[in-house]
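Indexing begins at 1, ligand by ligand and atom by atom, following the structure's order. These values consider heavy atoms only, across backbone and side chains, with no hydrogens, waters or symmetry-generated copies.
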Amino acid sequence: MSETLTHVGSGKVRELYALGDDRLLLVASDRISTFDVVLPTEIPDKGRVLTGLSAFWFTRTRDLCRNHLLSLRADARSMECRRLEMLPLECVVRGYLAGSGWKDYVATGSTSGRELPSGLLESSRLPEPVFTPSTKAVTGHDENIDAERAAALVGRERYAEVEEAALALYRVAVKHAGERGIILADTKLEFGLDDDGRLALADEAFTPDSSRFWPADELTPGGPQPSFDKQFVRDYCESLGWDKTYPGPELPDEVVEGTRSRYVEAFERLTGIEFDRYLADPEVVLR
Ligand code: Q0N
């Protein structure tokens with residue numbers, strides 16, 4: 001029983017293949033990007049951590065919102081997914097003020113057209129999570145858009161449904177992560193529609209590549225926070241004085257090893273499952 005793999009797309013660190021007409025294979029590589037540049041050195045097992053975490057979250061949230069996950073492959077880095085009609089929106093939810101949300105706030109007092117209280121600091125917790133959709137940029141950066149423009153892209157009713165689903169999913173993940181010492185500062189979700197027009201969560205979910213993970217015991221608003229997973233890589237790159245343009249630097253073994261440990265630690269803390277158990281039997285995250 002063999003199947004033809006047609007490559008249908010790639011992200012910076014993931015590849016997408018068609019499996020027949022109605023399924024896709026989503027493969028997470030061990031590539032790592034920092035400051036928007038993919039580095040020449042890989043982090044062993046990073047793709048497996050991200051695939052396992054996504055599958056864990058899809059399983060935990062399936063009653064809140066259906067999703068595209070069909071099965072995990074034995075390599076622990078590949079997910080068979082239902083092929084959906086994707087919505088042209090990046091569905092960002094923010095519980096803390098970081099990245100482009102912070103930039104927007106400094107410039108306008110708002111983010112994605114939502115007015116925020118005055119006096120917030122960079123990395124402050126928001127009074128409540130906000131849905132701040134952005135457009136999917138083909139090249140360059142996604143652009144934050146207000147609810148009006150986002151609703152025009154998908155229709156008013158669908159927009160309301162997506163906002164409610166994204167906020168509900170984020171709240172569940174934040175609570176779970178918070179109980180395990182990890183702040184999920186913000187996240188980017190992607191949704192699509194199945195053959196019956198029903199909303200389904202797609203892509204990856206609540207991974208360190210799609211979300212900001214911060215160690216809860218180190219939160220100090222008033223500046224950017226250390227990243228749970230990529231901080232060794234960022235610190236090393238900063239120490240070189242690299243100009244953050246392609247190509248990035250090779251990483252030394254101790255930075256690779258330290259970073260791999262952080263990814264595995266995030267996996268084990270969030271799932272409560274030993275990473276080696278996941279490698280031996282990926283389906284442990286589906287139960
Ligand atoms: C899809 N993207 C953007 C992987 C992620 N289930 C789906 N059905 C149809 N299309 C897509 C999915 C999913 N997931 C999502 N492109 C197509 C993000 N990609 C970029 C490449 O790596």
Would you say the side chains of R94 and T132 form a donor-acceptor pair under 3.5 Å?
yes

Just checking, is any N or O donor in the side chain of H68 or D203 under 3.5 Å from an acceptor N or O on the other one?
no

Using heavy-atom distances only, which candidate in R82, K136, R14, E85 approaches atom 6 (N) of ligand 1 most closely?
R82

I need the atoms of ligand 1 closer than 4.0 Å to a non-hydrogen atom of D203, numbered in the order shown.
5 (C), 13 (C), 14 (N), 18 (C), 19 (N)

Does at least one non-hydrogen atom of G192 fall below 4.0 angstrom from an atom of ligand 1?
no

Less than 6.0 angstrom separating the ring centers of Y96 and W214, yes or no?
yes

In terms of residue, atom name and distance, what is the protein heavy atom nearest to atom 4 (C) of ligand 1?
L26 CD1, 3.1 Å

With heavy atoms of G11 as the reference, note each atom of ligand 1 found under 4.0 Å away.
21 (C), 22 (O)

Verify the ring-centre separation between F206 and F58: is it less than 6.0 angstrom?
no

Heavy-atom nearest neighbour in the protein, as seen from atom 3 (C) of ligand 1, with distance rounded to 0.1 Å
E190 OE1, 3.9 Å

The option among L84, D194, V27 carrying the non-hydrogen atom nearest to atom 9 (C) of ligand 1 is L84

Near M86, which atoms of ligand 1 are under 4.0 Å from a heavy atom of that residue?
1 (C), 7 (C), 9 (C), 10 (N), 11 (C), 12 (C), 15 (C)

Looking at S54, is its backbone amide N or carbonyl O close enough to the side chain of T207 to form a donor-acceptor pair, meaning the two atoms are under 3.5 Å apart?
no

Under the side-chain hydrogen bond (donor to acceptor under 3.5 Å, both in side chains) test against D30, which residue among R77, R260, R48, K46 passes?
R77

Taking the six-membered ring of F228 as reference, does the NZ or CZ atom of R262 fall below 6.0 Å from its centre and within a 45° cone about the axis?
yes

Heavy atoms only: which of L24, L16, N67, V13 is nearest to atom 7 (C) of ligand 1?
L24

